[in-house]
Amino acid sequence: MRPVVLQRPVHVVASEEAEARLRRKRREHPTLPASVDHLVEDLNRQRHAVPVSFDLPSRAGSDWSLLVHGPTWVARLFPTKEFRGTRRGYALAGVDPLRLRDHHRLAQGYLVVGAPLWLRVRDVRQLADHADAQWERLGGEWGLFTRQRSVRTRGPSAELTDAQRLFLDKVDQVVDATERITTAEARAERPFSYRAVDPVGERRHGAHAVYEFALVGGKAPKEDAFVQVRGEVEQRGQVTRTSGRSVTVRFDQPVDWDRVPKTGELETTPSTVVFRRQREAVAVLRDRLSRNTGLLDALVEHRVRPLVPAPEHAEGLDPGQLHAFRTALAVSDVALVLGPPGTGKTRVISRIAHATAVGGGTRPPSRVLVTAHTNRAVDNVLGRLPADLTVVRVGNEGSVTDEGRPYLLETQARELRERILAAVGVALRGSGDLEVAGKWAVELGDRTASVGTALGERARAHDLLVAARRAVGGPVLDAVDRLLAVHRKRSRRIARTARTTRWTTALGARIGVPASWWHRRLARLAERTRVLHAEQAATEAELAAARQLWEQVTDAEPEVGAARAGFDSADRRVAESLASALVAAHSARAAVGGGEPAPRVRDGVAPEEAHADLGVLLGWLGERIPLLRRRSALLSEWHAEVSGATGQLHPELVRYADVIAATSIGTASRPELSDVDFDLAVVDEAGQIGVADVLVPLVRARRAVLVGDHQQLPPFLDSEVAAWGKDVDDPDVLGLLSHSALELLVDELPAANVVPLTVQRRMPAVVAEFISRTFYRGALRTDVVRDHDDRIFRSAFAFVDTARLPESRRRERPARDRDRGLKGYDNPAEARLLARLAAHYERQGREWAVIVPYRAQVAAVVAELDELVGQPGKVRLNVGSVDSFQGGERDVVLYGSVRSNADGRVGFLAELRRANVAFTRAKRQLVLVGDLDTLTTALDQPFRELALALRDHVARHGDIRQYAEVDAILEGE
């Protein structure tokens, strides 16, 4: 903490709109202040010590914001515009409940601001001329505080080098440029009209987070796009599903159904979350607060700590994979695992995650973060993780794939809630009816007291009866007394012999007397005990006979008869009271339930023993019923609370997870992860992730392993970067835009930190040979022995040439329906053949995929396949662009190049890595469809050379067929 004392009051500008927003939000979050005036009252109550921190700008060129923390809330304030060079107050942007993320922020440090007074004004024009936000003072104190905190945390060496400062400045410029370009594109899109709206899976009342909008026309926003209801700035969310003429939107906050306009427009709104998280990561590095203390040194100066691979073993790994595994366990800053397609990257990741999570040797168990740029890539890893790991997937339910859904935080929270509710329900049912049990306990107390009274009366009546019999006297009484004396004397001898036996046994074991003496002694004692018991049994028989005779002789006496009648009456009262008490005891035990067994009350025993049992039960009920009532009340409260939202279970699930999986931006976007500490971050498909994106997860973990292939799709294609170049004039920024951290580090880090995987087990050898020679300098080796089995093509690598078709049939067409977002080109002939081939392999039961470069061609193939296959969901899952299949694999991959023209124009096919991604998805059969004349005469030289090499390779080792020939085979099926 750093104390800051302000000399002037602080003015909070809150309009009526801000007031209304706060009141609406308070319906969902009762811990928020009832109004802005109440918020200001809270601040004035703690005005000498208000916790304040700064937050990064939400977009390029905007101000930092001030986060002011109240008892149960946090308010975001922005300085008002300058007036005569001074910021005079703070505009209230929003108020939210305190969350884990806020507690984590405060734990990192904050300013303790003391101010004479906090004042509320409704309009910036009401600010007095002498008002001063003291913005520069607070900013300066915050800057000084963060620098001091960095030095305290990292030591004197925490100062950045000039190269590191320059690097971070460039990354900030990358974030600004990307935001500027992407938000301009989003704002240029026209709104999407809708004619109806309904909550998803809910009744039409209350607040809901997910709504489905029925659109007008064929135009729809893309999945994952951020949209808002036009005119309703608070009704903002993300498209989770697009289906025909409807879209499903998950709003950032639940929205009351009555407040959603039933007709209107959805407009694309740029999301600043991504850029905010990127800037936060840069700020963490700038302040030297990254948990990976060597990250910036590795990224900029390429300095890493010495690395000796751990001597550990993992089942099922080849030598190269085992080397990567051992390196990942031993690295203390950053390591790279370069994995061309099919080389087992996912297997290596699963072994690394497992070994790190469970620990071993001197390594303690540690939490692992598994991340990638896309949801598909993240989920692809989850299914390969060992079952003994506790895995939690954090992400948007609408974006997570089927593979990741079982691990989803929300899914596990729902399942945990059901298990808790079931267990609590059993416990509640087991607690019985405690109200009834309490009443029976009171009744049992009264009836047990009655049994005690009756037993006392019977004891007195028995004494009177014995006295009456003794008064009669006679020789029979003398015999009874003599036998009683003998019985008591022999009982004492039996007890003394038993003690001697115990002492002898213990003494012999302790001092080690000779075994023979010890056994003889014990044998004599056992014989004596047997004789005494036999003699005692004979005495008891004589005593019983004497008593019977005595009773017969004395029963005729009037005094004895009267005493006997009194005893019999008392004995009946004991039996009656005991029977009544037993009813109360059994009823009380039944009402308490079986959750905790109550003491038993035995039937058929002597009344004195039954009375003792009743006393034990009564004491237990008196102690346990209040406890059980409190426990039942807690269970009922817990049942009611858990029956509601599952969000409160999220922190617990995250806390006990071995592995947490999320997209790179998702790692910093969810409050549940705000204070989670990671030992290792494993970044899959790292060649796809730009530097600004990859920093977000990397600053969260002490160590990092980047796994990927720098010969596959980059963060942005060269064509995209070229298109943006007119807006970005710095070549370093353009380089960071177009290259991943994996690409930037692969040739710079020491060899010990870069492990290549070189044995592939996915592609047929004929495909892998071409890929190895073309993209990996011949370093990729194949360990696949697989028979070719296909009814159409003679080789696992085939090319269907469209060049001999009439020009009117084979030519590409520019996309005509741009309102539906269809860009680029389509090619009807290729679309038809690709669809028929896909339908053929569907009938054969093969896993297949159709990969094409343009969205317009995707739509054309889908339209053909909908008629041939009739499974829209499956068709859309298996037809897409190159980007959507990176990281996946299929038995059969069908690739159409689309471009067919007389000028040799191939568009962004010239990005050769797209071909690498598409071709390397195939496990058994790769079929390319295209115009060889156009491809081999392309204007782009690198692409032309690739096409010529491809043609020659397939001609020598594969199968080149003409369109008409393949079409005829399919026609004959």
Side-chain angles (χ1 to χ4, degrees), residues 436-489 491-492 495 536 539-592 598-625:
V436 172
K439 292 176 181 178
W440 275 117
V442 172
E443 191 67 26
L444 178 61
D446 295 339
R447 296 185 188 186
T448 300
S450 297
V451 173
T453 301
L455 284 172
E457 291 174 354
R458 192 181 73 160
R460 288 189 293 273
H462 180 267
D463 291 342
L464 290 174
L465 177 58
V466 171
R469 290 187 190 282
R470 284 188 169 278
V472 175
V476 179
L477 177 60
D478 293 339
V480 170
D481 287 342
R482 179 179 57 78
L483 289 169
L484 278 171
V486 171
H487 190 276
R488 283 193 290 270
K489 183 177 180 179
S491 294
R492 289 194 293 272
Q536 187 73 315
T539 301
E540 288 173 349
E542 291 181 48
L543 181 59
R547 278 177 170 162
Q548 185 177 8
L549 179 60
W550 180 41
E551 290 174 358
Q552 290 173 355
V553 169
T554 57
D555 276 348
E557 298 297 328
E559 296 87 347
V560 173
R564 178 68 183 230
F567 175 79
D568 289 343
S569 176
D571 193 49
R572 284 193 298 274
R573 287 195 294 276
V574 168
E576 291 168 357
S577 61
L578 181 59
S580 176
L582 287 174
V583 170
H586 295 322
S587 299
R589 291 183 81 251
V592 167
R600 290 181 61 250
V601 178
R602 294 167 291 173
D603 291 320
V605 297
E608 290 81 6
E609 294 180 55
H611 182 251
D613 287 351
L614 290 171
V616 171
L617 175 61
L618 190 60
W620 185 90
L621 291 170
E623 176 187 339
R624 294 306 174 96
I625 285 179

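Just the heavy atoms: all of them, side chains too, but no hydrogens, waters or symmetry mates, feed the values below.
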From OG1 (T539) to NZ (K489), nearest 0.5 Å =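 NZ of K489 is found 11.5 Å from OG1 of T539.
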
Measure the spacing between CG of L617 and NE2 of H586 and express it to the nearest 0.5 Å.
->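 If I round to the nearest 0.5 Å, the distance is 9.5 Å.
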
For a quick test of your reading: what N or O donor-acceptor pairs under 3.5 Å do the side chains of residues 438-445 make, sequence neighbours left out?
unit_1: E443; atom_1: OE2; unit_2: R447; atom_2: NE; d: 3.0
unit_1: E443; atom_1: OE2; unit_2: R447; atom_2: NH2; d: 3.3

State which residues pass side-chain contact (heavy atoms from CB on, under 4.5 Å) with [X]; sequence neighbours excluded, sorted by chain then number.
X: Q548; value: Q552
X: E557; value: V472, E559, V560
X: S450; value: S577
X: D481; value: R470, L477, L484

Nearest heavy-atom neighbours spanning [X] and [Y]:
X: V605; Y: A610; result: CG2-N, 3.7 Å
X: A585; Y: L614; result: CB-CD2, 3.8 Å
X: L483; Y: A546; result: CD1-CB, 3.9 Å

Salt bridge (charged side-chain N to carboxylate O under 4.0 Å, His left out) with D568: which residues, sequence neighbours excluded?
->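 If we apply the salt bridge (charged side-chain N to carboxylate O under 4.0 Å, His left out) test to D568, skipping adjacent residues, the hits are R564.
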
What residues, two or more places apart in sequence or in another chain, satisfy salt bridge (charged side-chain N to carboxylate O under 4.0 Å, His left out) together with D463?
->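 With sequence neighbours excluded, D463 shows a salt bridge (charged side-chain N to carboxylate O under 4.0 Å, His left out) to no residue whatsoever.
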
Could I get the full list of ring pair (Phe, Tyr, Trp, His ring centres under 6.0 Å) partners for H462, not counting sequence neighbours?
->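 Result, ring pair (Phe, Tyr, Trp, His ring centres under 6.0 Å) vs H462: F567.
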
Salt bridge (charged side-chain N to carboxylate O under 4.0 Å, His left out) contacts in which one or both residues fall within residues 572-581, not counting sequence neighbours |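 Pairs touching residues 572-581 that pass the test: E457-R573.
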
Residues L455, L578; criterion side-chain contact (heavy atoms from CB on, under 4.5 Å); working and verdict | CA-CA 10 Å; L455 284 172; L578 181 59; over 6 Å; no

Pairs touching residues 598-608 that satisfy side-chain hydrogen bond (donor to acceptor under 3.5 Å, both in side chains), sequence neighbours left out |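 Found R458-E608, R602-D613.
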
Who passes side chain to side chain donor-acceptor pair (under 3.5 Å) against E540, sequence neighbours left out?
->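 E540 satisfies side chain to side chain donor-acceptor pair (under 3.5 Å) with H487 once adjacent residues are dropped.
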
